[in-house]
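Notes to accompany the following structure.
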Amino acid sequence: MKLTIIGSGYVGLTTGACFAEMGHQVMCVDNDPKKIETLLAGKIPIYEPKLETMVKKNVISKRLQFTTSTEDGVNHGEVIFIAVPTPPQPDGSVDLSFIEKVAREIAVCLDSYRVIVDKSTVPVKTGERVAQTIRRYAKPGVEFDVVSNPEFLREGSAVDDLMSPDRIVIGGNSDRALAVMQKVYEPFVAPVLVTDINSAELIKHAANSFLALKISYINAVAEICEASGADVEKVAEGIGMDKRIGRSFLNAGLGYGGSCFPKDIAAFIAIAEQMGTPFNLLKEVQKINDRQVTRFLDSIREALWVLKEKKIAVWGLSFKPNTDDVRCSVAADIVEALVNEGADVTAYDPKAMEKFQQLPWSSKVKLAENPIEAARGAEALIVATEWAEFSNVDLNELRDVMLTPLIFDGRNLLDPAAATTYGFQYRGIGRGITPAS
Ligand code: UDX
């Protein structure tokens, strides 16, 4: 099938590449000529495992094209996916101006029936607005349908998530459009859930909020573990063995970050408020998440007393492993708080240092070439992102290069017993303090 994706950011590009891989003829549109130039040269502007190879392969086989022209895109695809940003506004609600603009641009180019699909994460009832907008700007009589088809990609495993999804959600109010969408997803082996548009939109916000709730739940339990001497890792294992609960998203740590969870939870709270059905449970989820960073910084101050001029090493800058994304990264927030207090921070991240250097205050931070160099001469080491590389560092060498062997493990990555054996004082999240042996 001929498909068009408008917006070649994280979601749009990955979706376009995976559709092409499945045999569709895909045209990706973006209004940033520089981005399109980069993509045409076979390079991708983000680090995402498997994506670059897939993009290159499908560009060569001519199943994947890039353009800056919305008109070409609308002419090309029988299905047009909207995958433009939906950034947060100061009150937590979503800025839908990019969606509205694209809806107008599509409308004026429409000549014959198209299915217009909302892929971006949007508040419930956005589909209705998109349909109204297109109707208002399109030529009289031109046929179209609007569908909601939310994405559930995780950064770092976006290609696998799209190629083998847990489920495909298609929300539409017309049989004609639903039949077209079933055809789009025919090559994928996954259960398809068909709903109305509003329910599909709600599924996305409700799913992300539920996952965030799991994270805040275990972080609140971690606080009780610290007070009582229990081990949150064992508690998570024990409750996760109950199939009704499951072990995933019960990793206690510095809390959730990234470009989705903080924004989506705030948006869900805002839309619930607007509808007159306040979602106070999610406000508590946010509070617990914010408290994780405060408590962690307090524990560092408690151990080191004054942070000014203290040399502190930080491992990890991205918001989670296997990505170079530092947007709403808790790791970057911690580094910023430390440098603001005058600490002398040296950081290392396997992939995110380039993106980190684009943050306006990043020049206050030294960057190292590897984890050991970051830790050289440090009075404390913070593990802020759980990159696998960090768990393979030689603890003997690490202790030798540090000035004082103190580890704050914000992601419970390292083994406390091994750390203490090598002479470290180790503090994890919800694991108590393990003094050096
Ligand atoms: C998320 C959703 O998982 C995905 O379905 C949606 O489409 C986009 O938002 P992503 O933001 O890429 O994906 O990351 P995810 O793996 O969900 O992690 C989000 C945050 O939660 C990260 O900061 C991560 O470190 C944190 N997290 C995750 C925890 O603190 N504990 C956990 O157990 C799991």
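Ligands are counted one by one from 1 in listed order, and the atoms in each one are counted from 1 as well.
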Determine, using heavy atoms of [X] and all atoms of ligand 1, whether some pair is separated by less than 4.0 Å.
X: Gly258; result: no
X: Arg411; result: yes
X: Gly255; result: yes

Tell me, which protein residue and heavy-atom name are nearest [atom], and how many Å apart are they?
atom: atom 31 (N) of ligand 1; value: Asn251 O, 3.1 Å
atom: atom 1 (C) of ligand 1; value: Phe261 CE1, 3.4 Å
atom: atom 9 (O) of ligand 1; value: Cys260 CB, 3.2 Å
atom: atom 5 (O) of ligand 1; value: Phe152 O, 3.1 Å
atom: atom 14 (O) of ligand 1; value: Lys320 NZ, 3.1 Å
atom: atom 34 (C) of ligand 1; value: Phe249 CD2, 3.5 Å
atom: atom 3 (O) of ligand 1; value: Arg154 CG, 3.2 Å
atom: atom 12 (O) of ligand 1; value: Glu155 N, 2.6 Å

>> I want to check a possible cation-pi pair here: Lys119 against Phe81, using under 6.0 Å from ring centre and within 45° of the ring axis as the test.
In response: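 Because its charged atom misses either the 6.0 Å distance or the 45° angle limit, Lys119 does not stack over Phe81.
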
Would you check whether [X] has a nitrogen or oxygen atom less than 3.5 angstrom from a nitrogen or oxygen atom of ligand 1?
X: Glu151; value: yes
X: Leu153; value: yes
X: Gly257; value: yes

> Hey, is CD on Glu284 packed in by over 12 heavy atoms from elsewhere, all under 6.0 Å?
Replying inline: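 Correct, the count exceeds 12.
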
> For Tyr217, does the OH atom sit with more than 12 other heavy atoms under 6.0 Å from it, leaving out its own atoms?
Replying inline: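 Incorrect, the count does not exceed 12.
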
> Nearest to atom 27 (N) of ligand 1 by heavy atom, Leu250, Asp264, Ile215: which?
Replying inline: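 The residue whose heavy atom sits nearest atom 27 (N) of ligand 1 is Ile215.
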
>> So which atom in Ala380 and which in Phe408 form the shortest heavy-atom distance, rounded to 0.1 Å?
In response: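 Distance-wise, the nearest heavy atoms are CB-CE1, 3.9 Å.
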
>> Thr346 and side-chain hydrogen bond (donor to acceptor under 3.5 Å, both in side chains): which single residue from Arg376, Lys311, Lys366 fits?
In response: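 Result for side-chain hydrogen bond (donor to acceptor under 3.5 Å, both in side chains) with Thr346: Lys311.
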
>> Would you call the rings of Phe249 and Phe261 parallel, tilted or perpendicular, taking 30° and 60° as the class edges?
In response: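 Tilted: the ring planes of Phe249 and Phe261 meet at 30° to 60°.
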
> What atoms in ligand 1 come closer than 4.0 Å to a heavy atom of Lys204?
Replying inline: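 Near Lys204, meaning under 4.0 Å from one of its heavy atoms, ligand 1 has 7 (O).
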
>> Taking Lys204 first and then Glu151, would you say they form a salt bridge - that is, a charged N and a carboxylate O separated by under 4.0 Å?
In response: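 Answer for the salt bridge query: yes.
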
State, without any angle test, whether [X] and [Y] hold a side-chain donor-acceptor pair at a distance under 3.5 Å.
X: Lys355; Y: Ser318; result: no
X: Asp196; Y: Ser199; result: yes
X: Asn198; Y: Glu128; result: yes

